[in-house]
2 protein chains.
Amino acid sequence: MEFDCKNTRKTRQRQVVLETLKETTAHPTADELYEEVREKMPRVSLGTVYRNLEILSTCGEIIKLDLGEGKKRFDARMDPHHHFRCTQCGRIYDLPFIPVEGIMQEAARMSHFKVTGIQIGFEGVCDACLGNEKKNTKEVMQ
Amino acid sequence: MEFDCKNTRKTRQRQVVLETLKETTAHPTADELYEEVREKMPRVSLGTVYRNLEILSTCGEIIKLDLGEGKKRFDARMDPHHHFRCTQCGRIYDLPFIPVEGIMQEAARMSHFKVTGIQIGFEGVCDACLGNEKKNTKEVMQ
DNA sequence: ATTATATTAGTAAAAATTATCAATAAGGAG
DNA sequence: CTCCTTATTGATAATTTTTACTAATATAAT
């Protein structure tokens with residue numbers, strides 16, 4: 001039942017998926033990453049990208065993000081940090097880490113539940129959109 | 001382009017959707033709420049439930065939640081509070097509000113972005129699952 | 001080299017959500 | 001109340017995102 005990360009094999013596909021994700025800071029979706037991986041491995045399948053992203057995140061090599069867009073995004077940056085989504089251009093930015101242990105402890109204290117994780121997503125308007133309102137979504141996306 | 005909440009009509013379907021959501025604290029998905037609404041209005045369509053949940057949340061009458069499950073949930077409780085998802089039984093619990101202005105200001109200060117919103121979702125193990133580990137998912141869901 | 005099995009490509013299917021459209025009904029004007 | 005505009009509905013199709021299936025292949029241990 002439990003997935004065993006020690007029994008995974010170092011396949012070429014999995015290496016390319018991880019390596020390609022590490023090359024970007026754009027927090028791509030599975031489909032977006034698939035397009036990039038295809039440039040290196042034209043015969044790779046979308047299912048393989050999905051499967052490897054799932055395995056890599058389960059095994060703690062990458063992070064699976066859900067910023068409330070109805071699809072998942074992935075991030076190979078593993079040091080503690082937060083994410084910010086610009087509501088105008090849709091870009092996802094990294095934000096430096098802000099300690100959240102206090103909030104988690106407070107939540108645990110009030111609920112008596114065992115709080116093991118916290119998902120924080122910031123949203124607002126990014127520098128580019130603040131300074132240049134006339135750029136539309138298409139022009140600044142990705 | 002911008003949706004105008006003042007031009008909406010008070011339809012029977014919209015009223016029943018809102019009223020039904022207000023009757024529960026289970027944070028139902030659109031599909032789950034559809035089943036409940038059908039008991040009062042057997043001929044209502046799933047699309048109507050989706051559409052009204054979208055309109056009601058856009059107009060600030062309910063809250064749309066995304067706790068990273070790959071589907072949206074809805075909440076008619078409008079006072080400030082947080083959400084906790086039990087990773088064992090899947091239930092969503094309300095948690096009292098914990099002030100988050102400090103974190104938002106810190107994020108804005110570090111990024112120089114305009115931070116307008118923050119999504120926080122806690123996860124862990126709830127009281128019921130902590131105290132009674134042998135209950136499985138099926139038994140305790142909903 | 002042999003072997004066990006994790007993984008793959010390709011495809012189908014599932015799940016969640018959105019779009020389409022003729023028919024209906026809300027709500028304002030007269 | 002009646003007429004009229006148009007927001008909304010039910011029914012269904014289509015889209016989007018993700019997962020499942022399967023025979024063939026590749027990985028890594030023996």
Starting at atom [atom1] of [X], determine the distance to atom [atom2] of [N], rounded to an integer number of angstrom.
X	N	atom1	atom2	result
A:Leu46	C:dA12	CG	P	15 Å
B:Leu53	D:dT8	CG	C1'	15 Å
B:Leu56	D:dA7	CG	C1'	14 Å
B:Asp4	C:dG27	CG	C1'	15 Å

Heavy atoms only, 4.0 Å cut-off, all strands: where does [X] land among base, sugar-phosphate and nothing?
X	result
A:Arg43	sugar-phosphate
A:Asp31	nothing
B:Arg51	base
B:Gly70	sugar-phosphate
A:Asn7	sugar-phosphate
A:Thr8	sugar-phosphate

*Between the two ends of the helix from C:dA1-D:dT30 to C:dG30-D:dC1, what is the bend in degrees, rounded to 10 degrees, where each end axis spans five pairs?*
40°
*Look up atom OG1 in B:Thr8 and atom CG in B:Asn52, then write down how far apart they are to the nearest 0.5 Å.*
9.5 Å
OP1 or OP2 of [N] under 4.0 Å from side-chain N/O of [X]:
X	N	value
A:Thr11	C:dT8	yes
A:Tyr50	D:dT18	yes
B:Arg9	C:dA25	no
A:Thr48	C:dA9	yes
A:Gln13	C:dA9	yes
B:Lys10	C:dA26	no

*asked:* Whether the B:Thr29 and B:Lys72 side chains hold a donor-acceptor pair (N or O, under 3.5 Å, no angle test) is what I'd like checked.
replied: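 No, because no side-chain N or O of B:Thr29 sits under 3.5 Å from a partner of the opposite role on B:Lys72.
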_Residues B:Asp127 and A:His112: side-chain donor-acceptor under 3.5 angstrom_ =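 B:Asp127 vs A:His112: no donor-acceptor pair found between side chains.
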*On the 0 to 90° scale, with breaks at 30° and 60°, tag the B:Phe97-B:His82 ring pair as parallel, tilted or perpendicular.*
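B:Phe97 and B:His82: parallel rings.
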_Let's see if you can work this out: which of D:dT9, C:dA9, C:dT17 has an atom nearest to the side-chain heavy atoms of A:Val44?_
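Out of D:dT9, C:dA9, C:dT17, the nucleotide with an atom closest to A:Val44's side chain is C:dA9.
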*With nearest nucleotides of DNA chain C determined for A:Val49 and B:Glu54 from heavy-atom distances, which residue corresponds to the more 5′ nucleotide?*
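The 5'-side residue here is A:Val49.
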*On DNA chain C, check which nucleotide each of A:Gly47 and B:Lys71 is closest to and give me the residue with the more 5' one.*
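Upstream on the strand: A:Gly47.
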_Please determine whether the number of non-hydrogen atoms from other residues, nucleotides or ligands lying under 6.0 Å from atom CZ of A:Arg77 exceeds 12._
yes
*SG-SG distance A:Cys126 to A:Cys86 under 2.5 Å*: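 Cystine link not detected, SG atoms outside the 2.5 Å cut.
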_Working note: A:Cys59 + A:Cys5, criterion disulfide bond (SG atoms under 2.5 Å apart); need CA distance, chi angles, decisive distance, verdict._
CA-CA 6 Å; A:Cys59 299; A:Cys5 295; 2.1 Å; yes
